[in-house]
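Naming convention: chains lettered A, B, ... in sequence-line order (proteins, then strands); numbering from 1 in each chain.
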2 protein chains.
Amino acid sequence: MESMFKTVQRKNDGPLSERVAQQISSLIKEQNIGVGDKLPNEFELAESLNVGRGTIREAVKLLVARNCLEIRRGKGTYVTQELGKIEDPLGFDYVKDKLRLAKDLYEIRVQIEPWIAAMAAERIQEEEKEELLNRCAAVEETISAGADHGASDVAFHQYIAKCTHNDVLPEIIPIITYGVDLFTRIREKEPIENTLQYHRVITEAICANDPEAARQGMLDHLKSNLWCINRLETMDLQPDTGNR
Amino acid sequence: MESMFKTVQRKNDGPLSERVAQQISSLIKEQNIGVGDKLPNEFELAESLNVGRGTIREAVKLLVARNCLEIRRGKGTYVTQELGKIEDPLGFDYVKDKLRLAKDLYEIRVQIEPWIAAMAAERIQEEEKEELLNRCAAVEETISAGADHGASDVAFHQYIAKCTHNDVLPEIIPIITYGVDLFTRIREKEPIENTLQYHRVITEAICANDPEAARQGMLDHLKSNLWCINRLETMDLQPDTGNR
């Protein structure tokens with residue numbers, strides 16, 4: 001197995017456990033260990049990399065913290081499904097002025113999501129239309145049930161991005177929709193009904209392969225949300241963001 | 001100090017060290033411990049959180065792995081400058097088809113960066129113009145020196161985003177410019193001279209507060225790069241991405 005580790009060691013500084021973590025990480029990137037696969041055990045790794053088992057254990061912990069590996073008790077160490085993807089990758093949780101953050105995010109969403117919706121209308125596959133309708137309905141259901149619809153809302157917007165068949169866009173959506181649920185909590189009944197109506201218009205436009213209607217629907221939807229944020233600002237309120 | 005920890009524990013599952021890491025993380029988010037500040041020492045943390053020092057040590061390691069804390073030998077544990085921001089947050093290093101990734105990224109860049117350049121032209125402050133010119137010159141210098149200009153190129157595009165005064169956009173640039181250096185390495189002399197010319201046009205347009213010229217300059221620049229990527233594809237080449 002030694003030959004697997006030839007191409008590594010790009011950073012030669014830092015603690016040994018960090019360097020070993022990068023070697024293991026390279027093993028996953030460059031060799032045939034994929035998502036969901038089991039890693040060689042501690043003994044094998046220690047021997048191949050010529051380090052102690054304690055160092056392997058430290059390195060594995062680093063990669064668990066970075067969502068690259070997961071330890072299944074009594075089974076071994078596995079490559080995660082969501083390989084290397086971090087919740088809150090830009091550290092928005094640590095931003096103090098959440099209202100400013102929300103405005104910055106909406107400025108981006110207003111620019112990018114109408115384009116995403118239009119592209120989805122052009123590229124959606126027949127078999128994806130049913131799932132899009134399901135995601136749209138799921139938001140309606142969580143709202144009817146009186147539950148916080150933040151997560152289902154993000155899932156709806158993310159599925160639209162998935163229909164573009166650009167693999168990066170669905171990864172960008174959770175970043176730019178950060179804090180959606182801050183606003184779902186403070187909104188009144190009327191804007192929520194607007195949301196449902198807009199979602200329905202967008203979904204139908206995409207399923208009808210009508211890029212212009214999809215773009216306009218998304219633009220109207222986001223501008224209506226932006227109106228809520230600006231209203232918050234005039235009230236000089238910071239949304240409660242303690243537990244996102 | 002106990003009162004500091006009232007609002008935490010949003011996830012009650014997972015190992016103890018993970019929960020303690022979230023408590024420390026909440027302490028940073030919600031209390032008055034900011035970027036660059038020193039954390040209370042191991043003894044104090046262990047006492048306030050009513051856990052052993054070993055658990056504190058494990059929790060601190062998790063937060064170091066996530067780029068929230070750094071340990072300065074002999075000095076103590078500090079909150080990092082780049083709080084919680086992760087290099088390669090979307091796990092692009094692990095994507096096998098780098099050419100497809102590059103095309104997906106350029107599709108996004110062509111949409112978003114001309115808008116960013118136009119907004120920079122509208123919002124740039126007088127005192128930012130000199131720094132923008134410096135960043136533009138820095139790319140020229142690295143190329144003249146025969147060095148890989150990937151990092152200086154990203155820094156140039158990132159500074160344009162900074163001039164929009166939208167705090168999120170400069171964080172998005174390192175994500176969507178992922179792999180810029182893959183292409184700087186394989187390009188020939190001619191397109192590199194094009195790059196410099198485009199950068200100069202964009203910089204001048206922004207400094208002249210001319211949004212339309214800035215938008216057009218950026219669009220031409222990115223489309224020219226896209227042409228290189230498409231040429232790569234016809235050659236059926238995958239850029240060598242082993243050591244990004």
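Within the 4.5 Å cutoff, no side-chain heavy atoms of B:V168 are placed close to those of A:Y106.
In this structure, the portions of A:L169 lying under 4.5 Å from any heavy atom of chain B include both its backbone and its side chain. Heavy-atom distances place no part of A:S17 under 4.5 Å from chain B, backbone and side chain included.
For the atom pair B:I175 CD1 and A:I175 CD1, the distance stands at 4.0 Å (nearest 0.5 Å). Annotation: the span from B:K103 atom NZ to A:D167 atom CG amounts to 12.0 Å, rounded to 0.5 Å.
Around NZ of A:K61, the count of heavy atoms belonging to other residues, nucleotides or ligands within 6.0 Å exceeds 12.
Nearest heavy atom pair, residue B:N166 against residue A:D104, reads ND2-O, 2.9 Å. When all heavy atoms are compared, the tightest approach of B:Q111 to A:Q111 is NE2-NE2, 4.1 Å.
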